[in-house]
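A short write-up of the structure that comes next.
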Amino acid sequence: MANPASYRPQTGEIPTNPGVYRFRDPNGRVIYVGKAKSLRSRLNSYFANPAGLLPKTYAMVHAASSVEWTVVGSELESLQLEYTWIKEFKPRFNVVFRDDKTYPYLAVTMGEKYPRVQVMRGDRRKGTRYFGPYTAGAIRETMDTLLRVFPVRSCSAGVFKRAEASGRPCLLGYIDKCSAPCVKRVSPEDHRALAEDFCAFMGGEAKRFISKLEKQMAEAVAELNYERAARLRDDITALRKVFERNAVVLAEDTDADVFALHEDELEAAVQVFHVRGGRVRGQRGWVVEKVEDSTTPDLVEHLLQQVYGDEGQSHGRLPREVLVPVAPTNQAELTEWLGGMRGAKVDIRVPQRGDKAALMSTVRENAEHALKLHKTRRAGDLTVRSQALQELQEALDLPVPLLRIECYDVSHVQGTNVVASMVVVEDGLPKKSDYRKFSITGAAATDDTAAMHDVLTRRFRYYLQDKSGQVDDSVLNASGQEPELEQGAQGLPQDAGPQGLPQDDALLDTTTPAPRAKFAYPPNLVVVDGGKPQVNAAARALAGLGIDDVYVVGLAKRLEEVWLPDSDFPVILPRTSQGLYLLQRIRDEAHRFAISFHRQKRGKAMTVSALDGVPGLGASKRKALLAHFGSVKGVKAASVAELSEAKGIGPALAGAIVNHFSATGPEAANVPAINMTTGEVIET
């Protein structure tokens with residue numbers, strides 16, 4: 001723990017202007033972001049009497065090793081910059097509202113030629129209209145009902161293309177829940193009109209469509225066309241079922257989000273009802289751990305920042321009214337910020353009486369039940385995780401708590417396609433965004449100990465080089481791409497305020513940009529899959545880099561014993577030990593991740609061809625050559641002029657092909673492409 005006095009800035013150095021400040025830990029990670037009307041007053045409050053701070057603030061100032069600040073021109077700019085930095089750095093001591101579940105939306109992809117209705121989660125996409133959120137059961141029932149009246153395409157691109165190629169629609173086309181644009185039953189224009197009607201109905205124009213169908217039903221009855229009248233009657237029933245599913249709770253012209261929260265000393269639960277057209281269209285919930293000393297107005301401010309900052313940019317997502325239990329801090333600035341994102345006025349209000357206050361009471365009851373349920377479910381899991389980490393620390397006699405554990409595994413088949421994996425556990429929970437993959441070649445691929453030494457060397461060399469501002473390109477991230485070194489705040493030059501706005505005062509920043517927060521952050525414990533040889537190889541790798549504050553253990557599969565470096569005897573954990581269970585789960589996850597990468601890499605190497613080694617000859621041109629000449633043998637026998645006749649093959653590339661086969665010799669040129677698993681000849 002650092003002494004706050006060791007990094008306390010001089011009072012005269014701190015400006016009295018409004019601004020945003022950041023506390024960093026010894027590894028350079030931002031652990032807290034805050035804003036203040038007067039930076040000098042706020043920062044001095046952290047250092048004047050640290051012993052008098054509340055426990056969580058006391059822990060924060062002692063975990064930090066430096067503080068820096070940015071002066072801005074107004075409180076609105078400080079609000080915007082604080083939100084930007086919290087989203088970028090994800091500080092551990094800031095309040096973060098975690099959605100208790102990912103709610104689905106009913107989406108219509110209006111940006112496609114044939115719009116598609118589907119249930120979607122996650123990030124918003126351009127050209128797609130969203131309705132909701134809903135619960136999972138309600139949204140699928142609503143979608144199934146509306147497709148009867150508005151038979152818009154709901155199939156995937158693959159199903160659509162297969163139906164288009166075969167000339168036969170899918171099942172939904174046969175039961176009249178799709179207008180089957182794939183087989184030209186409806187024109188693109190008419191299908192888009194159906195999608196527009198679907199969106200209009202979901203947007204609140206239900207009465208117009210119901211009245212239109214009732215008029216058509218009356219006309220069908222007058223014409224004695226009772227079959228059509230019966231179909232229209234069923235359509236009207238379906239629309240009314242969807243329309244009346246949500247009871248009217250407010251005036252029909254009311255669009256509002258109603259927030260309520262219930263809190264105790266450690267956590268707070270938030271619920272929101274989305275009211276559109278006077279009806280409750282959806283409900284969401286969050287649970288937040290109060291890791292900073294926040295009042296209820298502060299919580300409401302952070303809540304609105306995060307909810308609408310992440311989702312409010314989409315057109316139509318922000319309502320006209322936002323009803324909250326207490327007025328947030330900086331209400332005027334929040335109102336201006338939300339109004340700017342919506343493009344129209346947004347009112348943040350605290351309902352005092354009437355229907356809105358009654359609805360607020362209902363939302364508050366939901367928040368109270370949500371917090372009770374969260375604590376009931378989490379109590380057992382939190383206790384078990386804490387017990388596992390404590391047992392493991394005591395059994396291994398480690399002087400530091402195991403906040404971050406990394407586990408490594410090597411995977412291959414008889415020394416081919418050698419890969420390794422790194423999985424990460426923080427506070428006993430997997431952190432999949434930090435998982436990494438390693439490809440191993442050369443001498444390191446000869447055996448497991450050499451591979452393990454190579455992987456640990458590369459991982460921690462990257463950490464050391466990242467601290468010094470250099471980059472190591474030998475590591476792949478979890479998506480199989482080379483990681484990029486973070487160079488500073490995204491979109492914020494050092495002499496600019498939020499959104500690139502110039503500042504009135506200079507930036508007082510005496511520290512370097514934060515190192516890459518995810519990969520470069522070192523673990524407390526490294527676990528390797530294996531016994532004494534693998535553990536010693538990992539220990540040699542760390543010692544060779546001069547790293548002595550990371551502990552290494554190995555978990556051997558045979559007897560599930562735990563090995564320490566340079567130890568002749570393993571540590572035997574009880575079979576019922578939660579610490580052993582934790583190690584086994586981490587080891588199994590590393591094995592699964594390594595196996596999946598190995599299979600992916602092996603699959604790409606399954607098929608080889610004599611044409612693969614020709615420089616400048618890609619997959620499409622290889623196919624063109626084989627289609628033109630019929631086989632590799634024909635390609636090999638062709639002259640430069642004959643090769644140039646193939647599609648996409650120029651004289652230079654044709655010469656390279658001839659030179660390649662001349663250099664490799666006739667025996668190599670005659671080698672066919674084969675499937676390395678079955679031995680089947682692919683090209684003859």
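Because only heavy atoms are used, hydrogens play no part in the values below, and waters and symmetry mates are left out as well, while side chains stay in. Since the model is a prediction, treat every value here as computed from it, not as a measurement.
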Donor-acceptor contact present, side-chain [X] to main-chain [Y], <3.5 Å:
X: Arg364; Y: Pro325; result: no
X: Arg342; Y: Lys345; result: yes
X: Gln331; Y: Ile348; result: yes
X: Ser154; Y: Val117; result: no
X: Arg153; Y: Cys155; result: yes
X: Arg148; Y: Asp176; result: no

Within-4.5 Å side-chain heavy-atom neighbours: Val300 and Leu261
yes

Considering only NZ, NE, NH1 and NH2 on the basic side and carboxylate oxygens on the acidic side, decide whether Arg592 and Glu589 come within less than 4.0 Å.
yes

Find the distance between CD (Glu196) and CZ (Arg129) and round it off to the nearest 0.5 Å.
6.5 Å

Sequence neighbours excluded, which residues qualify as ring pair (Phe, Tyr, Trp, His ring centres under 6.0 Å) partners of Phe160?
Tyr114

Checking side-chain hydrogen bond (donor to acceptor under 3.5 Å, both in side chains) against Glu82, which of His302, Arg22, Lys35 comes through?
Lys35

Verdict with reasoning, Val30 to Trp85, per side-chain contact (heavy atoms from CB on, under 4.5 Å)
CA-CA 9 Å; Val30 176; Trp85 280 352; over 6 Å; no

